[in-house]
Every structure is written in C-alpha cells, then in structure tokens.
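Everything below concerns the one structure shown next.
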Number of protein chains: 2
Amino acid sequence: MPSGKLLEEKGIKVTQARKEILEILETCTQPVSYENIKESISMDKATFYRNISKFEESNLINAIESHDKKRYFELKRKPHAHFTCRVCNQVECIKSGIYVTLQNYDIENVIIQGICPSCKLTNRLP
Amino acid sequence: MPSGKLLEEKGIKVTQARKEILEILETCTQPVSYENIKESISMDKATFYRNISKFEESNLINAIESHDKKRYFELKRKPHAHFTCRVCNQVECIKSGIYVTLQNYDIENVIIQGICPSCKLTNRLP
DNA sequence: AATTATATGCGACTTAGTCGCAAAAAAGGA
DNA sequence: TCCTTTTTTGCGACTAAGTCGCATATAATT
C-alpha cells in the first residue's frame, strides 16, 4: 500500500517526512529504532518523533521498548507478540500462536523478554 | 524471611541500605519504583540503584519497566507475568495461568501492556 | 496574492538512571 | 586495639532518548 494512501485514510496530511518514515517501516520485517534508520531519513530528530507520535495516535504503528531504553517502531499489521533480547536488544516479532486474555483488561501488546537463540548459542553477555 | 539472611545466602554483604530496600520489597504486593518508596528509605538515589543492580545480578529481584519509563522492582518469588497500564502506569502481578514457551529462547519475563480495569471503567485518559 | 493553519529545523531542555571520586564503614590481620 | 585493605555510601556532575518552544517554511483556503 502506497504510504500516501495510508496517511490520507487516517486523515493525516501527506508530507515528505511522513512518507519517508512510512516507506521505511513498510520495508522492515522487524521493528526499528530512530537510531537504526536515522541515516536513511532526511528529517530532524524532533520531526521524526513528532510524526511517530501522530502515527501512534492514529493507530498506524506500534512501539516496543527494548532493554536499551530505545523504542522500536513497526507498522501495525496483524496483531502479534514481541520478543526483546536483553543481550542484543533486538526486537523480534513472534508470529506463532501466543494468545493472552485477561478478563476486564484491554490488552494492547504482549512482550516476552529474555535471551534470543542467537545470543544463547554464542554465549554473548549483556 | 529476614532480609539479612537473604543477603547472606547470596553472598552479598549485609548493610543498612540493603536491608532497608529488601524489607520494603518484602512488604509490597506489587512492584514499586524508586519514586514510590524514596520517602521510606534513607539512602541516596545512587546507592539505591547500585544495590538494585547488585540484587538483579544475584537474581534476588525482578524489574519491570512501565510506560512512564520508570523501572518497578519486586522480590523474585514465584514466576508470573505482569500487566502494565498505559494510563496509570501501575505494574500489576498476574498470578493467573499465563504460560508462554518459545523453542530455543530463554524466557525471563512476560509483560502484558494495555489498560487496566480501573482506568477502563473510569474512562481515564493517558 | 493574502491569510490562516500546519509542519519542520534548531537548540535548549527533561528525567530516570549512572559514574567518578572522596569520605565512611566493614573486614582482616598482627 | 590499632593499622591496612576492601567495600559501600553520598554528593554532584553526567548521560541519552525523547520532548518542547519558537521562528521559519510549507501547504491549504479564501
């Protein structure tokens, strides 16, 4: 879906900066932080975060915070859980069936924390 | 269990500050932040956090970060999931049966994010 | 074109948590 | 008990992801 269209649908004005952010998020298979993509975007940090806030309000994206205190962003597609590795800090989408329900709570995200297979195998330390 | 004993078992030197922290954590039924308990402790902020780090290394306590970017601490007792409310930021222990397994991952914590029943009912906004 | 509204860049700011260092407290002898 | 070594503490300065105020720029509207 072209990023301009996504924005129009949500009633968000289409700007160069916003298109840039969405286009990058569309190509990413895992959530990314500002740090991860700052070389690939041309806007200022403040503009990036202001637009990210706007996208969050419009329910366009999802943010997950990892152990490094950075927030990682992804387009909202099919709901799924996330795994954050406390060694490499990467945030991974977990597509496999994790279903959590809690009576009377609104559940918006499920985050599993621990050590990912790759860090486990290579015995990397935090 | 007296807090001095807990420390000795883990080979951590017993000091006034450490006993204070543990005694408070022992009385808490929900995870608490530094902010929550700073009036009840007599040590400096740096000392608090240094001891918290030590307790984490020794697997004595657990930390959960909420939406307010603060970390909430609890004694490690029986493993259980946590719920963090993005409106009131409280961290709640979820004792009911949530079991998550992921092949080849080490799972250390499961955090469910959303809106708690109390904030839902009263329609509080973030 | 002129007016109004919204978005952007820049630099200063916020804030939970961390660090360096000197003073204080504990531990271990002799 | 006194002396030496090791660990802990308090204080103030610092860190870093993210936010804010404001002036400028861009877009929409009349």
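Below, chain A is the first sequence line, B the second, and so on; all start at residue 1.
- Of the options Glu74(B), Glu92(B), Gln30(B), a side chain to side chain donor-acceptor pair (under 3.5 Å) to His82(B) is made by Glu74(B) and by none of the others.
- Separating the OH atom of Tyr34(A) from the P atom of dT19(D) is a distance of 13 Å, rounded to the nearest angstrom.
- Nucleotides of DNA chain C nearest to Arg71(B) and Gln16(B) differ in position, and the one nearer the 5' end is that of Arg71(B).
- Within 4.0 Å of Asn51(A), counting heavy atoms only, lie sugar-phosphate atoms of the nucleic acid but no base atom.
- Here Ser33(A) does not reach the OP1 or OP2 of dA17(D): none of its side-chain N or O atoms lies under 4.0 Å away.
- Separating the CE atom of Met43(B) from the C1' atom of dA24(C) is a distance of 16 Å, rounded to the nearest angstrom.
- Around atom CD of Glu56(B), more than 12 heavy atoms belonging to other residues, nucleotides or ligands sit under 6.0 Å away.
- OP1 or OP2 of dA7(C) has at least one side-chain nitrogen or oxygen of Arg18(A) nearer than 4.0 Å.
- One can place CD1 of Ile12(A) at 14 Å from P of dT6(C), the figure rounded to the nearest angstrom.
- The CG atom of Leu7(B) sits 14 Å away from the P atom of dA26(C) (whole-angstrom rounding).
- Spacing between atom NZ of Lys54(B) and atom C1' of dT6(D) amounts to 12 Å, rounded to whole angstrom units.
- With Ser66(A) contributing its side chain and Thr84(A) its backbone, the two residues share no donor-acceptor pair below 3.5 Å.
- Contact check on Lys70(B) versus Glu65(B) returns no salt bridge, with no Lys/Arg side-chain nitrogen under 4.0 Å from an Asp/Glu carboxylate oxygen.
- The residue among Lys13(B) and Arg50(B) whose nearest nucleotide of DNA chain D lies closer to the 5′ end is Lys13(B).
- For the pair Thr47(A) and dG9(C), the criterion of a side-chain N or O lying under 4.0 Å from OP1 or OP2 is met.
- Atoms CG (Asn36(B)) and P (dA16(C)) sit 12 Å apart, rounded to a whole Å.
- Annotation: of the two residues near DNA chain D, Asp44(A) and Phe48(B), the 5′-most nearest-nucleotide partner is Phe48(B).
- OP1 or OP2 of dT9(D) lies within a sub-4.0 Å distance of a side-chain N or O belonging to Thr15(B).
- Residue Lys45(B) places a side-chain atom within donor-acceptor reach of the base of dG17(C), judged by atom type and a 3.5 Å distance cut-off alone.
- Atom CG of Asp68(A) is separated from atom P of dG17(C) by 15 Å (rounded to the nearest Å).
- Atom-to-atom, CD of Glu20(A) to C1' of dT8(C) comes out at 12 Å; the value is rounded to the nearest Å.
- Look at Lys19(A) and Glu26(A) and you find no salt bridge, because none of the NZ, NE, NH1 or NH2 atoms lies under 4.0 Å from a carboxylate O.
- OP1 or OP2 of dG17(C) lies within a sub-4.0 Å distance of a side-chain N or O belonging to Tyr49(B).
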